[in-house]
Amino acid sequence: MTPAAARRTALAAQGFADSRPTGVPTRRHLQRALSRTQLLQLDSVNVAVRAHYAPLFSRLGPYPQELLEEAAWSHSARRPRLLVEYWAHEASLVPVEDWPLLRWRMRQYRDAPGRYWQAAACSPELAADVLAAVKEFGPISAGALERELGLQVQRARGSWWNRSDVKKVCEWLFAIGELTTGARRGFERLYELTERALPPEVHGAPELDEDEAARRLITKSAIALGVGTEPDLRDYYRLGPERSRRAVAELVEEGVLEPVSVAGWRHQGYRHVAARTPRQVSGRALLCPFDPLIFFRERTERIFDFHYRIEIYVPEPKRVHGYYVFPFLLDGELVARVDLKADRAVGALRVPGAFAEPGADRGRVVTELAAELRSMADWLGLDTVVVGERGDLAAPLRARTR
């Protein structure tokens, strides 16, 4: 494959070769987008918009955020829950039916809890009290659990049963699959018993052999990526290298993956046999830092020749492009970087900086970027787009958005 063909294959797999809905996106459009990405990463940063909402805007355009909220955190006989939270590519929303594919990870957390959960794993009495309280009151926050358990006052240092340990126990029970997120209040997790939140056929599904689970997860990675290296496929669900390599080899033997050579790629490429390679990819999208198309930075650089790092933790004087920068995708290329902030107090989408990539058609980039920023502002319920001073696109973009 040529690098351009690999790039178009990756874009098509992620849904960027699909036309955006002409009307208001519906649950059917949401399901189609999720079938492309396979998961949505969660992140607490709310500078512009939380990470799990943004990828759907990138693919569908302005959609009712309630569509995702209903799919992730509500359930009825008429509209069953579509998504559940768990550790996939970091904290993520995954399809409900994929929850059993991650039970091996839950068992690992139970058998070998990390440092954060060590005290929780060693406190079975508190864990039992938390489960009993969630059963009685859930969905419920960690803070409310502390009050119900009479632990709202910080205890002496060294006590297991203090304020922080209730949260740690909740997170450990989440990690081992006993609790899940029943609902959210803002970004606050409200814990619920997994057995009540998931359909019985999902919660009660037999546990898969770890190698079989890895094969299925690598298959899903390949569907989401279209074409990628073994490390690309491994990263999507954060699998271990040995198990990932074995799964890739077996899927090649089964005919699910096709080995390909991509010019300039250091590692062997693998294409999902159903992946398509369109002749061209058109359209525009702002990509949040945690979008599945770009969240593996090494792959982003290899496919798009685009070196990208999030600069939240970089001291302000040392930042190159800004605090929370969205790459701008236009006709299959990453052509600009846009620092974004939703100033909800004054109803403005602020653009402190905007920077064109070398060789980009700046006139067209400004036109398309201005339109996409206006669309994002409307979607977020913001009245204006306010462009700052930083970057070579700032002045023409400011003139275009007045």
[X] [atom1] to [Y] [atom2] distance, which is reported to the nearest 0.5 Å:
X      : Y      : atom1 : atom2 : answer
Ile140 : Arg185 : CD1   : CZ    : 9.0 Å
Leu217 : Leu102 : CG    : CG    : 5.5 Å
Glu148 : Glu146 : CD    : CD    : 11.5 Å
Glu66  : Glu69  : CD    : CD    : 5.5 Å
Leu82  : Leu93  : CG    : CG    : 11.0 Å

Looking at Arg184 and Phe187, would you say the former's side chain and the latter's main chain have a donor-acceptor pair under 3.5 Å? yes
Taking [X] first and then [Y], would you say they form a salt bridge - that is, a charged N and a carboxylate O separated by under 4.0 Å?
X      : Y      : result
Glu70  : Arg81  : no
Arg189 : Glu171 : yes
Arg7   : Asp305 : no
Arg246 : Glu230 : no
Glu301 : Arg297 : no
Glu250 : Arg243 : no
Arg284 : Asp331 : no

Around Glu201, counting heavy atoms of other residues, nucleotides and ligands shown, do more than 12 lie under 6.0 Å from its CD? yes
Surrounding CG of Asp211 (heavy atoms of other residues, nucleotides or ligands, distance under 6.0 Å), is the total greater than 12? yes
List the residues meeting side chain to side chain contact (heavy atoms under 4.5 Å, CB included) with Lys220, not counting sequence neighbours, and say none if there are none. Gln38, Asp98, Leu101, Tyr237
Kindly write out the residues that satisfy side chain to side chain contact (heavy atoms under 4.5 Å, CB included) with Arg362, not counting sequence neighbours, or none if the list is empty. Ala356, Asp392, Leu393
Under 3.5 Å side-chain donor-acceptor pair for Glu85 and Thr180: no
Flag for Asp232-Thr229: side-chain donor and acceptor within less than 3.5 Å: yes
Once you measure the plane-to-plane angle for Tyr324 and Phe326, does it fall in the parallel (<30°), tilted (30-60°) or perpendicular (>60°) bin? perpendicular
Parallel, tilted or perpendicular for Trp87 and Phe174, by the 30°/60° rule? perpendicular
Go through Glu311 and Arg319 one step at a time and tell me if the salt bridge (Lys or Arg N to Asp or Glu O under 4.0 Å) criterion holds. CA-CA 6 Å; Glu311 297 184 85; Arg319 289 181 196 140; over 6 Å; no
Aromatic contact between Phe57 and Trp379, with the criterion being ring centroids under 6.0 Å apart: yes or no? yes
Quick one: which of Leu382, Leu340, Val338, Val385 gives a side chain to side chain contact (heavy atoms under 4.5 Å, CB included) with Met376? Leu340
Give me the one residue out of Leu286, Leu334, Leu293 that meets side chain to side chain contact (heavy atoms under 4.5 Å, CB included) with Pro327. Leu334
Could you please spell out the steps behind the ring-ring contact (aromatic ring centres under 6.0 Å, His included) verdict for Phe295 and His89? CA-CA 9 Å; Phe295 59 29; His89 182 91; 3.6 Å; yes
